[in-house]
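These notes concern the structure reproduced below.
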Amino acid sequence: MVKIRLKRLGYKKNPTYRIIVIDSRSKREGAPIEELGFYNPKTKEMKLNKQSAENWVKKGAQTTETVAYLIKNCDENGNLVYNKKTEQKLSKKALAKLEAQKQEEAAQAAAAAEAAAAESGAENEAKEEQA
């Protein structure tokens with residue numbers, strides 16, 4: 001079976017990868033059938049021949065999860081379109097504090113609405129007495 005996967009290059013704790021087409025029984029650094037591009041995870045830099053990769057997938061080549069993500073998230077020029085996550089993961093303590101703050105704000109809003117309703121009711125009674 002033919003696979004599209006990453007071939008590790010670079011030195012210790014500084015990996016760079018080549019995106020290659022290779023027989024699945026070959027070693028990770030074995031001789032590839034074709035090199036499609038490269039990917040540097042530290043700088044999020046990538047260059048990929050997207051057309052060739054899609055042709056290999058149409059021919060039946062299997063992609064690894066990482067390579068499938070890279071192919072899906074690259075533009076027509078083969079550059080990675082990296083979207084940073086805007087959502088932050090909060091600790092349990094921070095989540096509890098945030099929930100308490102939301103409940104407090106909801107209680108204040110309810111009290112303000114109740115006060116406004118009472119005030120408008122008093123104005124309506126005053127208008128009725130004048131009429």
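In this text, all values refer to a predicted model and were calculated from it rather than measured experimentally.
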Quick check: closest heavy atoms across P15 and P41, and the distance to 0.1 Å?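 Residues P15 and P41, closest heavy atoms: O-CD, 3.6 Å.
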What are the two closest heavy atoms between L36 and S52, and how far apart are they?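 It is CD2-OG, 3.4 Å.
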Residues in side-chain hydrogen bond (donor to acceptor under 3.5 Å, both in side chains) contact with N55, at least two apart in sequence or another chain: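 Partners of N55 by the side-chain hydrogen bond (donor to acceptor under 3.5 Å, both in side chains) criterion come out as none, since no residue qualifies.
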N14: side-chain hydrogen bond (donor to acceptor under 3.5 Å, both in side chains) partners, not counting sequence neighbours: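 Checked N14 against side-chain hydrogen bond (donor to acceptor under 3.5 Å, both in side chains); matches are Y11.
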For R8, check salt bridge (charged side-chain N to carboxylate O under 4.0 Å, His left out) against everything at least two apart and list the hits.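 By the salt bridge (charged side-chain N to carboxylate O under 4.0 Å, His left out) rule, R8 matches no residue at all.
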Salt bridge (charged side-chain N to carboxylate O under 4.0 Å, His left out) partners of E35, counting only residues at least two apart: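 Scan of E35 (salt bridge (charged side-chain N to carboxylate O under 4.0 Å, His left out), adjacent residues dropped) gives R18.
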Show which side-chain atoms of residues 94-109 pair as donor or acceptor with protein atoms under 3.5 Å away, not counting sequence neighbours.
none

Qualifying residue, where the test is side chain to side chain contact (heavy atoms under 4.5 Å, CB included) with I19 and the options are R5, K7, M46: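 Only match with I19 under side chain to side chain contact (heavy atoms under 4.5 Å, CB included): M46.
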Exam field: side chain D75 to backbone N77, donor-acceptor pair closer than 3.5 Å: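 Side chain of D75 to backbone of N77: a pair is present.
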Using distance only, find each side-chain donor-acceptor pair of residues 61-74 under 3.5 Å and give its atom names and separation, not counting sequence neighbours.
residue : atom : partner : partner atom : Å
T64     : OG1  : V67     : N            : 3.4
N73     : ND2  : Y69     : O            : 3.2

Applying salt bridge (charged side-chain N to carboxylate O under 4.0 Å, His left out) as the test, list every pair that has at least one member in residues 47-57; sequence neighbours left out.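 Not a single pair qualifies under salt bridge (charged side-chain N to carboxylate O under 4.0 Å, His left out).
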Tell me whether L9 shares a hydrophobic cluster with I4, the cluster being built from Ile, Leu, Val, Met, Phe, Trp, Tyr side chains joined at under 4.5 Å.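 As far as the 4.5 Å side-chain criterion goes, I4 and L9 are not connected within one cluster.
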Transitively linked via ILVMFWY side-chain contacts under 4.5 Å: L80 with F38?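 Per the 4.5 Å side-chain linkage, L80 and F38 are not co-clustered.
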Under 4.5 Å side-chain linkage, directly or through intermediates, the cluster mates of I20: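 Besides I20, the cluster holds I22.
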Decide yes or no on side chain to side chain contact (heavy atoms under 4.5 Å, CB included) for I33 and W56, but give the supporting numbers first. CA-CA 11 Å; I33 298 170; W56 275 104; 3.9 Å; yes
Those residues that, when tested against N40, pass side chain to side chain contact (heavy atoms under 4.5 Å, CB included) (two or more places apart):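 Side chain to side chain contact (heavy atoms under 4.5 Å, CB included) list for N40, sorted by chain: T16, K42, T43, E45.
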